[in-house]
Asker: 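Here's a structure for you.
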Amino acid sequence: MTNVVVIGSQWGDEGKGKIVDWLSERADIVVRFQGGHNAGHTLVIDGTSYKLSLLPSGVVRPGKMAVIGNGVVVDPHALCAEIDRLAAQGVTVTPENLRIADNATLILSLHRELDGIREDAAGKSNGGVKIGTTRRGIGPAYEDKVGRRAIRVMDLADLETLSAKVDRLLTHHNALRRGLGEAEVSHETIMQELTSVSDRVLPFRDTVWLMLDKERRRGARILFEGAQGSLLDIDHGTYPFVTSSNTVAGQAAAGSGMGPGALGYVLGITKAYTTRVGEGPFPTELTDEIGQFLGERGREFGTVTGRKRRCGWFDAALVRQSVATNGITGIALTKLDVLDGLDELKICVGYTLDGEEIDHLPASQGQQARVVAKYITLEGWKESTVGARKWADLPAQAIKYVRQVEELIGAPVALLSTSPERDDTILVTDPFED
Ligand code: GDP
Ligand code: IMO
Ligand code: MG
């Protein structure tokens, strides 16, 4: 018996929410450890769809504890809105089933504004770089955390020290805003913004590392829910077109306050093709009718921003890289059904860079933009795999595709998903028992 870390092995939206929801039946606690409400995780249970951004996907299952760890950046207003949205769908969130780390960083309105200002100014004041962020204030909030001037959850409980902290924060932000030609933000505005939510947020506050340590010792099963994907990782991703946190599995330890020895099985959620939202390199991107087909069949529209996701062939070289940077034990292969009916399927096995063959994506931005994908071609299948719940229900060519993916990435398929529905999932190896 072990704990399980779920992470995205591509550029996000691999289907982490669906798989975490499915696995959470076998877990006691579900922990988010990085990112914030830039994430959009969709679960479909008996035809009802739940969209979660900040709350761990385990929150929809009665009797499970959901935890927001210290590595997450929390927008308290977005948190309250999400709790209200879920309540309207019949899901009750109380301190009985949700805990938030007292040392988690808060996202304030000024972070959200700054994120938007920078995106709008991109090409002018941002060195010509537009990231295509979710405009949720994620990057600016992490900047303040690393800059040691962030407001954290626990600060809401101590108004006297909060006031001094807000002063310090505004000294930095107002200087920045003046430089950008923006109006300054008043101390009163931020104090009001924070005090208006403190009564709702504080009851969820907990010393999460301590609680998790106790639970681990009594044998609780912990499921860690990653957000974004490994190619959006601040270190290992396609920098600067990345998010502002470490998204790789190692972050589950630092972002929750547990030692790395407690992590256990690393399950890489992997889409059977590739998508990306926002700007940045994408070697296997398809701008033709096949890309269009994948986008329509796979309903590839962002949950958070509604933006169209870019689509392309499966990139085995990228996922092989993620297997290494995360220490992936096995993968959950999702959205295989989206490939139904295509005559042939391509898989990227490596690249050429300026005429030379390479087997991984180089770290340099310029080189990432220049790599050309090298493909192998497989025969497609005509049969439908939608809703398949047994390996034996898969057409022979689909099994061949899966086997080829396993071989190229160097990791086995532990779970296979064939529709958005919770139970349309094939279990090969139980990550909690492996
Ligand atoms: P996440 O961010 O990794 O949790 O993924 P998203 O929820 O943003 O995007 C995945 C989308 O694909 C969601 O709309 C899911 O309901 C859907 N989905 C998940 N697994 C499957 C699958 O196996 N087949 C199909 N067709 N859709 C899936
Ligand atoms: P889930 O958890 C896909 C992308 C944004 C942008 C970049 C930086 O649903 O897989 P940010 O707002 O984080 O500063 O934006 O990262 N991005 C995601 N793409 N899925 C996500 O989350 C993402 N979260 C951020 O589109 O390119
Ligand atoms: Mg998503």
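In listed order, ligands and their atoms are each counted from 1.
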Asker: In the protein, what heavy atom is nearest to atom 10 (C) of ligand 1, and what distance, to one decimal place, separates them?
Answerer: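 Of every protein heavy atom, Asp13 O, 3.8 Å lies nearest to atom 10 (C) of ligand 1.
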
Asker: Judged by atom type as modelled, is there a donor-acceptor pair below 3.5 Å linking the side chain of Asp233 to the main-chain atoms of Thr247?
Answerer: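 At least one qualifying donor-acceptor pair exists.
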
Asker: Using atom types as modelled and distance alone, determine if a side-chain donor or acceptor of Arg135 lies under 3.5 Å from a backbone N or O of Leu114.
Answerer: no

Asker: Of the side chain and backbone of Asp337, name the one, both, or neither that has a heavy atom under 4.0 Å from an atom of ligand 1.
Answerer: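 It is the side chain that touches ligand 1; the backbone stays farther off.
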
Asker: Is the shortest distance from a Lys or Arg side-chain nitrogen in Glu279 or Arg310 to a carboxylate oxygen in the other one below 4.0 Å?
Answerer: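 Salt bridge between Glu279 and Arg310, a charged N being under 4.0 Å from a carboxylate O: no.
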
Asker: Ignoring angles and geometry beyond distance, decide whether Gly15 reaches within less than 3.5 Å of ligand 1 through its nitrogen or oxygen atoms.
Answerer: yes

Asker: Counting only heavy atoms, which portion of Leu43 has something under 4.0 Å from ligand 1: side chain, backbone, both, or neither?
Answerer: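 Answer for Leu43: neither.
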
Asker: Of the choices Arg422, Lys335, Glu225, which has the non-hydrogen atom that lies closest to atom 11 (C) of ligand 1?
Answerer: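 Closest candidate by heavy-atom distance is Lys335.
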
Asker: Any side-chain heavy atom of Glu182 sitting closer than 4.5 Å to one from Ile117?
Answerer: yes

Asker: Please tell me if the side chains of Ile107 and Arg136 come closer than 4.5 Å, counting only heavy atoms from C-beta onward.
Answerer: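 Counting from C-beta outward, Ile107 and Arg136 never come under 4.5 Å.
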
Asker: Got a salt bridge between Arg26 and Asp430, using NZ or NE/NH1/NH2 to carboxylate O under 4.0 Å?
Answerer: yes

Asker: Out of Gly17, Gly12, Ser419, Gly40, who is nearest to atom 6 (P) of ligand 1 when you count heavy atoms only?
Answerer: Gly40

Asker: Donor-acceptor pair, distance only, cut-off 3.5 Å: does the side chain of Glu383 make one with the backbone of Pro395?
Answerer: no

Asker: Determine, for Asp46 against Arg422, whether the closest basic-nitrogen to carboxylate-oxygen distance falls under 4.0 angstrom.
Answerer: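 No.
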
Asker: Strictly by ring-ring contact (aromatic ring centres under 6.0 Å, His included), give each pair with a member in residues 8-32 just once, sequence neighbours left out.
Answerer: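 Every ring-ring contact (aromatic ring centres under 6.0 Å, His included) pair that includes a residue of residues 8-32, provided the two are not neighbours, is Trp11-Phe282.
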
Asker: For Asp288, is there any backbone N or O sitting under 3.5 Å from a side-chain donor or acceptor partner on Gln292?
Answerer: no

Asker: Any side-chain to backbone donor/acceptor pair from Thr418 onto Ala388? Under 3.5 Å, distance only.
Answerer: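 Pair found, side chain donor or acceptor close to backbone of Ala388.
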
Asker: Taking 4.0 angstrom as the limit, do Asp393 and Lys390 come out as a salt bridge?
Answerer: yes

Asker: With a cut-off of 4.0 Å, which atoms of ligand 1 are near a heavy atom of Arg309?
Answerer: 8 (O), 9 (O)

Asker: Less than 4.0 Å is my threshold; does some heavy atom of Arg299 fall inside it relative to ligand 1?
Answerer: no

Asker: Which of the numbered atoms in ligand 1 are below 4.0 angstrom from a heavy atom of Lys18?
Answerer: 20 (N)

Asker: Taking only Lys NZ, Arg NE, NH1 and NH2, and the carboxylate oxygens of Asp or Glu, determine whether Arg205 and Asp102 approach each other closer than 4.0 Å.
Answerer: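 Salt bridge flag = no for Asp102 with Arg205.
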
Asker: Students should be able to answer this: which protein heavy-atom is nearest to atom 1 (P) of ligand 1, and at what distance?
Answerer: Lys16 N, 3.5 Å

Asker: Taking the Mg ion (ligand 3) as the centre, how many protein N/O/S atoms fall inside a distance shorter than 2.8 Å?
Answerer: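 My tally for this metal is 2.
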
Asker: Of the options Gln34, Arg32, His41, which is the one that meets Glu225 in a side chain to side chain donor-acceptor pair (under 3.5 Å)?
Answerer: His41

Asker: For His172, which residues count as a side chain to side chain donor-acceptor pair (under 3.5 Å) partner, sequence neighbours excluded?
Answerer: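 Only Arg149 meet the side chain to side chain donor-acceptor pair (under 3.5 Å) criterion with His172.
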
Asker: At what distance is the nearest protein heavy atom to atom 14 (O) of ligand 1, and which residue and atom is it?
Answerer: Thr42 CB, 3.9 Å

Asker: Side chain, backbone, both or neither: which part of Gln10 has a heavy atom under 4.0 Å from ligand 1?
Answerer: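 Under 4.0 Å from ligand 1, Gln10 contributes no heavy atoms.
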
Asker: Are any non-hydrogen side-chain atoms of His111 and Asp115 less than 4.5 angstrom apart?
Answerer: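 Sidechains of Asp115 and His111: no contact.
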
Asker: Under 3.5 Å, is there a donor-acceptor pair between the side chain of Lys64 and the main chain of Val30?
Answerer: no

Asker: At a 4.0 Å threshold, what atoms of ligand 1 neighbour a non-hydrogen atom of Thr418?
Answerer: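 Numbered from 1, ligand 1 contributes 23 (O), 24 (N).
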
Asker: Considering only non-hydrogen protein atoms, determine which one is nearest to atom 16 (O) of ligand 1 and report residue, atom name and distance to 0.1 Å.
Answerer: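 The closest one turns out to be Pro420 CB, 3.4 Å.
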
Asker: Would you check whether Glu421 reaches within less than 4.0 Å of ligand 1, judged by its heavy atoms?
Answerer: no

Asker: I'd like the contact residues of ligand 2, where contact means a heavy atom below 4.0 Å.
Answerer: Trp11, Gly12, Asp13, Lys16, Asn38, Ala39, Gly40, His41, Ile131, Gly132, Thr133, Thr134, Ala227, Gln228, Leu232, Val242, Thr243, Val277, Gly278, Arg307

Asker: For atom 23 (O) of ligand 1, what's the nearest protein heavy atom and its distance?
Answerer: Ser417 OG, 2.5 Å

Asker: Short list, please: which atoms of ligand 1 are under 4.0 Å from a heavy atom of His41?
Answerer: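 Near His41, meaning under 4.0 Å from one of its heavy atoms, ligand 1 has 1 (P), 2 (O), 4 (O), 7 (O).
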
Asker: Salt bridge check: are Arg276 and Glu300 linked by an N-O gap of less than 4.0 Å?
Answerer: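 Judged by the 4.0 Å cut-off on N to carboxylate O distance, Arg276 and Glu300 do not form a salt bridge.
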
